[in-house]
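Bear in mind that the values here come from a model prediction, so they are computed numbers and not experimental data.
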Amino acid sequence: QFLKQLGIHPDWQFVDVYGMEPELLSMVPRPVCAVLLLFPITEKYETFRTEEEERIKAKGQDIKSSVYFMKQTINNACGTIGLIHAIANNRDKMNFETNSSLKKFLEDSLSMTPEERAKYLETYEAIRVTHESSAHEGQTEAPSIDEKVDLHFIALVNVGGHLYELDGRKPFPINHGETSDDSFLEDAIEVCKKFMERDPEELRFNAIALSAA
């Protein structure tokens with residue numbers, strides 16, 4: 001439904017990943033071209049994020065110029081940005097309707113910087129109103145209002161044989177090493193497991209795969 005509203009033919013679908021074990025991963029339809037991870041922003045995670053950023057700035061990393069990355073400037077738009085990251089980095093595999101709002105957004109923003117893309121999204125009603133809630137459908141119970149919970153989406157994609165983590169709160173994509181079309185889901189889930197291991201007492205993790213329909 002979410003993809004249809006954005007003018008994408010239903011050759012691809014978002015499916016829940018019910019668990020990280022091989023037999024549960026085998027239930028996910030293949031091929032998988034992106035994984036979205038929903039996770040809680042905790043103190044432990046924020047500490048890790050700062051250290052990771054400093055480490056990469058000091059050491060450097062290899063990022064292909066073809067990676068489509070955008071910053072997040074709109075509050076609570078991480079689901080939408082995760083979706084854009086997932087589709088934008090697989091746009092050659094997608095069949096868009098001619099009047100697709102997302103197709104137009106991607107074409108317009110291809111030559112922009114990550115910051116310019118974020119600014120453009122702020123003015124782009126057609127995508128912004130495609131509500132976040134569909135991204136949260138996998139969640140069993142919504143947290144109560146007074147709980148200070150910050151849940152956040154990131155996208156994991158394969159661009160040119162490398163696995164990239166795309167998070168609009170970070171200054172740049174994170175290269176997690178080599179991957180292939182065949183091993184992508186398993187490789188992406190390994191990255192998800194690291195998020196879970198950093199916050200072992202947290203249970204609010206949810207992975208969604210963009211799979212062939």
Flag side-chain contact, heavy atom, 4.5 Å: L156 against L36 = no

Is E165 salt-bridged to K194, going by a charged N under 4.0 Å from an acidic O?
-> no

Less than 4.5 Å apart, any side-chain heavy atom of L163 and any of E178?
-> no

Flag, side chain of K71 to backbone of K170, donor-acceptor distance under 3.5 Å = yes

Contact check, side chains of I81 and L121, non-hydrogen atoms, under 4.5 Å | yes

Residue pair T73 / E122, side-chain donor-acceptor N/O under 3.5 Å = yes

Are R198 and E52 close enough for a salt bridge, meaning some N to O gap below 4.0 Å?
-> no

Step by step, work out the side chain to side chain contact (heavy atoms under 4.5 Å, CB included) result for V17 and L24.
-> CA-CA 7 Å; V17 177; L24 291 171; over 6 Å; no

Any donor-acceptor N or O pair under 3.5 Å, side chains T179, N158 | no

Keeping the roles fixed (side chain from R91, backbone from A88), state whether a donor-acceptor pair exists under 3.5 Å.
-> yes

Out of curiosity, does I74 fall in the hydrophobic cluster containing I84 (side-chain heavy atoms, cut-off under 4.5 Å, transitive links)?
-> yes

S100 versus L6, closest heavy-atom pair with distance = OG-O, 2.7 Å

List the steps and the verdict of side chain to side chain contact (heavy atoms under 4.5 Å, CB included) for I63 and F172.
-> CA-CA 9 Å; I63 302 289; F172 35 67; 5.8 Å; no

Are V15 and F205 connected in the hydrophobic side-chain network, where two residues link if heavy atoms are under 4.5 Å apart?
-> yes

Atom of A155, atom of G82 and distance for their closest heavy-atom approach = CB-O, 3.6 Å

Is a donor on one side and an acceptor on the other found under 3.5 Å between the side chain of R117 and the backbone of L110?
-> yes

Steps toward side chain to side chain contact (heavy atoms under 4.5 Å, CB included) verdict (R169, E46) = CA-CA 11 Å; R169 292 177 74 236; E46 290 295 74; 2.8 Å; yes

Is there a side chain to side chain donor-acceptor pair (under 3.5 Å) between H152 and D167 once you walk through the steps?
-> CA-CA 9 Å; H152 187 60; D167 178 349; 2.7 Å; yes

Minimum side-chain heavy-atom gap D16-I208 below 4.5 Å | yes

Rounded to the nearest 0.5 Å, what's the gap from OG1 on T80 to CD on Q72? Could you check?
-> 9.0 Å

S211 (side chain) donor-acceptor with P29 (main chain) under 3.5 angstrom = yes

Compute the centroid of each ring, for F69 and then for H85, and state whether the two points are separated by less than 6.0 Å.
-> yes

May I ask you to test the I87-I8 pair for a side-chain heavy-atom distance under 4.5 Å?
-> yes

N/O donor-acceptor pair under 3.5 Å between E116 side chain and T113 backbone = yes

CZ-CG distance between R204 and D150, expressed to the nearest 0.5 angstrom = 9.5 Å

For residues Y124 and S101, determine if any side-chain heavy atom of one lies less than 4.5 Å from a side-chain heavy atom of the other.
-> yes

Quick one: sort the Y45 and F39 rings into parallel, tilted or perpendicular, breaks at 30° and 60°.
-> perpendicular

ILVMFWY cluster, I154 and Y164 together (side-chain gap under 4.5 Å) = no

Check: N90 side chain, A86 main-chain N or O, donor-acceptor pair, under 3.5 Å | yes

In terms of hydrophobic clusters joined by side-chain contacts under 4.5 Å, are L83 and M112 together?
-> yes

Is L210 close to V32 at the side-chain level, that is, under 4.5 Å between some pair of heavy atoms?
-> no

Cluster overlap F96 with F14, hydrophobic side-chain contacts below 4.5 Å = yes

With sequence neighbours excluded, residues passing side-chain hydrogen bond (donor to acceptor under 3.5 Å, both in side chains) with E197 | none

Could you give me the CA-CA distance, side-chain angles and deciding distance for W12 and C33, then say whether side chain to side chain contact (heavy atoms under 4.5 Å, CB included) is met?
-> CA-CA 9 Å; W12 294 87; C33 70; 3.6 Å; yes

Kindly state each residue pair satisfying side-chain hydrogen bond (donor to acceptor under 3.5 Å, both in side chains) with at least one member in residues 56-69, sequence neighbours excluded.
-> E53-K57, Y68-S109

Can you see which heavy atom on I189 is nearest to which on A207, and at what distance?
-> CD1-CB, 4.5 Å

When you look at CD of E43, are more than 12 heavy atoms from neighbouring residues, nucleotides or ligands closer to it than 6.0 Å?
-> no

Taking it one step at a time, do K103 and E107 satisfy salt bridge (Lys or Arg N to Asp or Glu O under 4.0 Å)?
-> CA-CA 6 Å; K103 179 177 191 240; E107 285 170 350; 3.5 Å; yes

When every non-hydrogen atom of R30 is compared with those of A212, the smallest separation belongs to O-CB, 3.7 Å

Is the shortest distance from a Lys or Arg side-chain nitrogen in E97 or K4 to a carboxylate oxygen in the other one below 4.0 Å?
-> no

side-chain contact (heavy atoms from CB on, under 4.5 Å) involving D108 - partner list, sequence neighbours excluded = K104, Y120

Please step through salt bridge (Lys or Arg N to Asp or Glu O under 4.0 Å) for the pair K44 and E201, ending with a clear verdict.
-> CA-CA 11 Å; K44 279 184 185 164; E201 60 283 357; 2.9 Å; yes

4.5 Å side-chain heavy-atom contact, M20 and L25 | no

